[in-house]
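Have a look at the structure below, then the notes.
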Protein chains: 4
Amino acid sequence: MSPRTSTQFETIRQEKRKVILEAALELFAENGFHATSMSTIAKKGGISKGLAYNYFESKNDILEEIVDEGFHQVHDLLDPDKDGVLSEEEFISFLEKTFAMVKNNHRYWKLYFALMIQPVVSENLSEKYAKAGEPLFRMMHEFIASKGSSDPEGDLMIISAMLEGTFLYAIVAPDIFPIDRMKEKVIDGIFRIIQSGNKNKAV
Amino acid sequence: MSPRTSTQFETIRQEKRKVILEAALELFAENGFHATSMSTIAKKGGISKGLAYNYFESKNDILEEIVDEGFHQVHDLLDPDKDGVLSEEEFISFLEKTFAMVKNNHRYWKLYFALMIQPVVSENLSEKYAKAGEPLFRMMHEFIASKGSSDPEGDLMIISAMLEGTFLYAIVAPDIFPIDRMKEKVIDGIFRIIQSGNKNKAV
Amino acid sequence: MSPRTSTQFETIRQEKRKVILEAALELFAENGFHATSMSTIAKKGGISKGLAYNYFESKNDILEEIVDEGFHQVHDLLDPDKDGVLSEEEFISFLEKTFAMVKNNHRYWKLYFALMIQPVVSENLSEKYAKAGEPLFRMMHEFIASKGSSDPEGDLMIISAMLEGTFLYAIVAPDIFPIDRMKEKVIDGIFRIIQSGNKNKAV
Amino acid sequence: MSPRTSTQFETIRQEKRKVILEAALELFAENGFHATSMSTIAKKGGISKGLAYNYFESKNDILEEIVDEGFHQVHDLLDPDKDGVLSEEEFISFLEKTFAMVKNNHRYWKLYFALMIQPVVSENLSEKYAKAGEPLFRMMHEFIASKGSSDPEGDLMIISAMLEGTFLYAIVAPDIFPIDRMKEKVIDGIFRIIQSGNKNKAV
DNA sequence: GATGAATGAGGATTCATTCAT
DNA sequence: TATGAATGAATCCTCATTCAT
């Protein structure tokens with residue numbers, strides 16, 4: 001029964017923190033930020049309301065932490081960190097990672113879409129993602145251009161829309177739009193779009 | 001001296017009703033249902049809180065009326081009411097009407113997306129739209145099939161996703177994704193997908 | 001189509017007034033004063049809210065009119081207006097009139113009990129009735145005394161309580177305490193009490 | 001520093017709960033349920049409105065708890081839990097306990113009468129009491145029968161009415177009908193009724 | 001006389017947040 | 001660290017009453 005070391009305390013803190021964030025994520029995603037009370041979060045996390053405020057400054061703060069953590073995960077996972085143009089295998093692998101991400105973190109993405117449409121705090125989520133997504137967009141743009149598209153910006157737009165729409169459907173109507181099936185079709189569709197849009201169609 | 005005729009009353013009611021619904025639509029779309037108070041709606045509508053309850057039973061009721069009215073507009077506008085396969089012109093015209101609808105009723109579609117992701121009432125909005133959208137899907141399916149697609153279901157899926165994603169972007173990031181430009185690209189993209197997916201690619 | 005005479009107008013006014021009072025009486029009695037809204041009264045009376053205010057100054061005013069009218073009916077009906085002691089027949093007839101009154105105006109008496117226990121306006125209803133009932137009490141007192149009671153005040157108390165309890169039961173639990181059966185028993189019981197309480201028991 | 005023990009919390013809760021219930025009882029009894037606001041209850045209890053809702057789900061809930069607690073007190077106090085016929089001493093003792101109960105819990109009984117006449121919730125209070133009172137009625141019935149009454153049901157009716165009326169008067173007009181004096185007269189009166197109603201009057 | 005739109009004050013209820021322990 | 005009692009502002013909703021027609 002020796003007093004816990006500060007490392008142990010730190011571990012406990014990190015775990016509690018995670019518990020709260022996960023409870024909040026589920027509730028925010030499923031019911032919305034405003035329809036979720038701190039009481040409910042605390043109850044779902046198995047702690048007291050007071051303790052939640054020991055870990056986070058406010059309900060808003062919890063949301064921001066969730067968004068930030070999710071954002072970093074996305075960043076870490078997708079950051080191409082690569083110069084030059086992607087090969088086709090690399091591009092496909094990138095798409096598959098993206099689909100896996102949405103599939104494995106359904107709740108986060110549900111929350112992402114909700115916040116995209118109706119930001120809770122002043123800061124606009126889509127701006128944040130827009131800025132962060134810039135390298136991704138550039139990467140895709142270069143890939144598309146490398147394939148000979150006569151309008152890479154335009155093609156990027158509709159391909160992005162197709163991806164975003166796919167993820168949205170995968171979130172809200174997974175029964176009708178099963179994500180695995182969609183993945184195959186979307187990847188295939190992207191190439192069809194790219195190839196049919198070649199500057200020189202008579203390849 | 002004499003009381004207003006019932007026609008006069010009816011006119012007043014219809015106009016005031018519209019005022020309330022429009023104020024509420026704007027606020028619900030922009031800030032979300034839960035973040036919008038009846039006070040705010042009343043203030044925006046230039047009336048007292050109490051009067052709003054003279055016209056609608058509850059905040060929920062206002063939302064339902066908005067959804068219903070929007071739904072009927074969509075239905076009236078898009079109902080193909082047509083047997084047989086669409087010609088290409090008809091199909092394009094249908095797509096253009098759809099884009100016009102989103103463009104001209106930006107707020108309603110913002111609310112639509114918000115409710116799609118996080119329904120406020122028990123009834124699932126996507127179910128309602130899924131049922132209503134069935135004829136549309138069938139129509140598109142037939143059109144795609146008529147063009148010789150080897151996988152019309154799959155093609156329909158990604159085309160639907162592309163449309164939904166386009167509208168979503170047009171709603172949340174119109175600066176980056178201007179709807180008119182998107183419309184051209186999407187219509188073009190759809191045909192590229194369809195044609196490149198022909199059973200017999202060597203046309 | 002000659003203009004209505006002022007007499008006709010007066011008749012109309014009286015009838016409307018009665019309609020309102022009856023609607024209000026039923027609602028006040030059944031649901032209570034505070035649980036009854038002017039809207040409900042107007043709807044039940046088949047008139048508009050505004051018109052109700054044409055006839056009465058306030059909801060309170062309606063209640064007061066109901067109470068006053070009921071009070072006068074009671075007064076007119078029961079006022080003994082008689083000097084000297086009642087004969088047994090007269091006393092029994094008085095009791096029967098009282099029972100008939102409660103039986104035929106169930107709603108008024110329900111309201112009477114409700115107001116007796118929880119007055120709505122400052123003025124205490126029981127005081128009003130106490131004052132008005134004084135002649136009645138005196139009459140009963142004299143009757144009891146004339147029968148040789150050794151404690152007419154005390155006997156009057158328990159007889160009054162028996163009557164009041166009987167009417168209360170007849171109002172709230174008429175199935176278990178049917179008023180007609182109760183009437184026979186109560187009248188009988190009163191005489192049993194009086195006679196058994198004679199100064200000179202060996203009659 | 002360390003959090004309160006659950007026993008400490010429990011003590012706080014029990015005491016505060018009692019404070020709220022007592023404040024509410026007084027107000028409900030004196031002014032009626034609908035005329036009493038949660039604000040008033042909170043103010044009288046010396047707490048904030050919000051805290052009242054930490055203890056009770058709704059105003060209705062407060063009322064129900066008051067009724068239930070009072071009901072249990074009555075039940076515990078009066079439950080005869082006795083087979084066979086009561087002796088005269090036992091019967092008198094039972095009546096005296098009943099009078100003491102009303103005298104010592106004036107407010108509860110005022111509320112009881114108010115709810116009897118105009119129930120606030122759907123469930124009828126008189127039904128609840130009717131069921132609970134059944135053993136009491138049976139007991140009184142047997143006692144009356146044991147005294148040789150030729151119509152024990154009828155005698156029970158008028159005796160019950162006399163008691164109920166006495167309590168009602170004791171509640172609403174204690175000055176004119178002082179409960180202690182009434183008690184003597186009523187007990188005496190009950191025996192006069194019973195004895196004068198013997199099958200064999202020629203005792 | 002008659003209507004119902006309109007108001008505003010008040011009432012029930014919820015909830016983020018603080019605080020004593 | 002941890003608890004939950006406590007607060008007060010905000011929210012949904014009701015309703016007596018007024019008023020233009």
Side-chain angles (χ1 to χ4, degrees), chain A residues 4 9 12-13 16 34-42 47-62, chain B residues 1-6 8-13 15-16 34-42 46-62, chain C residues 4 9 12-13 16 34-42 47-62, chain D residues 1-6 8-13 15-16 34-42 46-62:
Chain A
R4 273 174 276 213
F9 275 123
I12 290 175
R13 266 199 89 78
K16 274 277 145 83
H34 292 292
T36 300
S37 73
M38 285 296 281
S39 290
T40 321
I41 296 172
I47 60 166
S48 71
K49 245 184 307 183
L51 193 57
Y53 279 91
N54 191 317
Y55 284 83
F56 299 93
E57 282 187 356
S58 65
K59 200 171 86 160
N60 251 298
D61 186 32
I62 296 182
Chain B
M1 288 300 169
S2 56
R4 272 175 275 221
T5 66
S6 61
Q8 283 173 310
F9 278 128
E10 188 56 23
T11 307
I12 293 175
R13 279 197 84 79
E15 280 170 5
K16 201 67 66 156
H34 291 294
T36 301
S37 75
M38 286 296 280
S39 291
T40 324
I41 296 172
I47 58 166
S48 71
K49 238 184 315 179
L51 189 59
Y53 282 94
N54 188 320
Y55 285 82
F56 299 93
E57 284 188 354
S58 64
K59 202 172 84 162
N60 248 296
D61 186 31
I62 296 183
Chain C
R4 272 175 278 214
F9 274 123
I12 291 174
R13 266 199 90 79
K16 275 276 147 83
H34 291 293
T36 300
S37 74
M38 285 296 280
S39 291
T40 322
I41 296 172
I47 60 164
S48 71
K49 246 184 307 183
L51 193 56
Y53 279 91
N54 191 316
Y55 284 83
F56 299 94
E57 282 189 356
S58 65
K59 201 171 85 159
N60 250 299
D61 186 30
I62 295 182
Chain D
M1 287 300 169
S2 55
R4 272 174 275 220
T5 65
S6 60
Q8 284 173 308
F9 278 128
E10 188 56 23
T11 307
I12 292 174
R13 277 196 86 79
E15 280 170 5
K16 201 67 67 158
H34 292 293
T36 301
S37 75
M38 285 298 280
S39 292
T40 322
I41 295 172
I47 60 167
S48 71
K49 238 184 315 180
L51 190 59
Y53 282 92
N54 188 319
Y55 285 83
F56 298 93
E57 284 188 354
S58 64
K59 203 172 83 163
N60 248 296
D61 187 30
I62 297 183

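Any value given below was found using the heavy atoms of this structure, including those in side chains, with hydrogens, waters and symmetry copies removed. Chain letters run A, B, ... following the sequence lines, proteins first, then strands; residues in each count from 1.
- Nucleic acid contact for D:T36: sugar-phosphate only, since backbone atoms but no base atoms lie under 4.0 Å from a heavy atom of the residue.
- The minimum heavy-atom distance between D:H34 and C:A35, with the atom names listed, is NE2-CB, 3.7 Å.
- Among the nucleotides F:dT17, E:dA5, E:dC15, the one closest to any side-chain atom of B:I12 is E:dA5.
- Across the protein-nucleic acid pair, B:K16 atom NZ and E:dA5 atom P stand 11 Å apart, rounded to whole Å.
- Computed from coordinates, the B:I41 CD1 to F:dC13 C1' distance equals 13 Å when rounded to whole Å.
- Counting all heavy atoms, side chain and backbone alike, D:R4 lies closest to D:Q8 at CA-OE1, 3.1 Å.
- Rounded to a whole Å, the CD atom of B:Q8 is 12 Å from the P atom of E:dA5.
- Distances shorter than 4.0 Å separate some side-chain N or O of A:K59 from OP1 or OP2 on E:dA16.
- Listed here is the closest heavy atom pair of D:R13 and D:Y55: O-CE2, 3.4 Å.
- Straight-line distance from the CD1 atom of B:I62 to the C1' atom of F:dT11: 14 Å, rounded to whole Å.
- Between B:Y55 and E:dA6 there is a side-chain polar atom (N or O) within less than 4.0 angstrom of OP1 or OP2.
- In terms of phosphate contacts, D:N54 brings no side-chain nitrogen or oxygen within less than 4.0 Å of OP1 or OP2 of F:dA6.
- Remark: D:K49 is not in phosphate contact with F:dA6, judged by side-chain N or O atoms under 4.0 Å from OP1 or OP2.
- In this structure, B:R4 and B:H34 both approach DNA chain F, and ranking their closest nucleotides by distance from the 5' end singles out B:H34.
- Environment of CD in A:E57: sparse, with no more than 12 heavy atoms of neighbouring residues, nucleotides or ligands closer than 6.0 Å.
- Minimum interatomic distance between A:T36 and A:K59 (heavy atoms only, all atoms of both residues): O-NZ, 2.6 Å.
- Nearest-nucleotide mapping onto DNA chain E: of D:T40 and A:S39, the residue sitting toward the 5' end is D:T40.
- A 3.5 Å limit on both hydrogen-bonding distances identifies E:dT17 as the Watson-Crick or G-U partner of F:dA6.
- Within the nucleic acid shown, B:S58 comes within 4.0 Å of sugar-phosphate atoms alone, with no base atom in reach, counting heavy atoms only.
- Regarding contacts with the backbone of E:dT17, a side-chain N or O of A:Y53 is found under 4.0 angstrom from either OP1 or OP2.
- In this structure, C:M38 atom CE and F:dC15 atom P are separated by 13 Å, rounded to whole Å.
- The nearest whole Å value for the distance from the CD1 atom in D:I47 to the P atom in F:dG4 is 19 Å.
- To the nearest angstrom, P of E:dG11 lies 20 Å from CZ of D:F56.
- Listed pair B:R13 / E:dG4 fails the phosphate criterion, with no side-chain N or O lying under 4.0 Å from OP1 or OP2.
- Comparing B:S37 and A:A52 by the nucleotide of DNA chain F whose heavy atom lies nearest to each, the residue mapping closer to the 5' end is A:A52.
- Considering only the side chain of B:S48, E:dA6 comes nearest among E:dA6, F:dT7, F:dA5.
- Residue D:K49 holds its NZ atom at 8.0 Å from OG of D:S37, rounded to the nearest 0.5 Å.
- Remark on DNA chain E: of its neighbouring residues D:G50 and C:G50, the 5'-side contact belongs to C:G50, judged by nearest-heavy-atom nucleotide.
- The residue D:S6 sits apart from the nucleic acid: no heavy atom pair falls under 4.0 Å.
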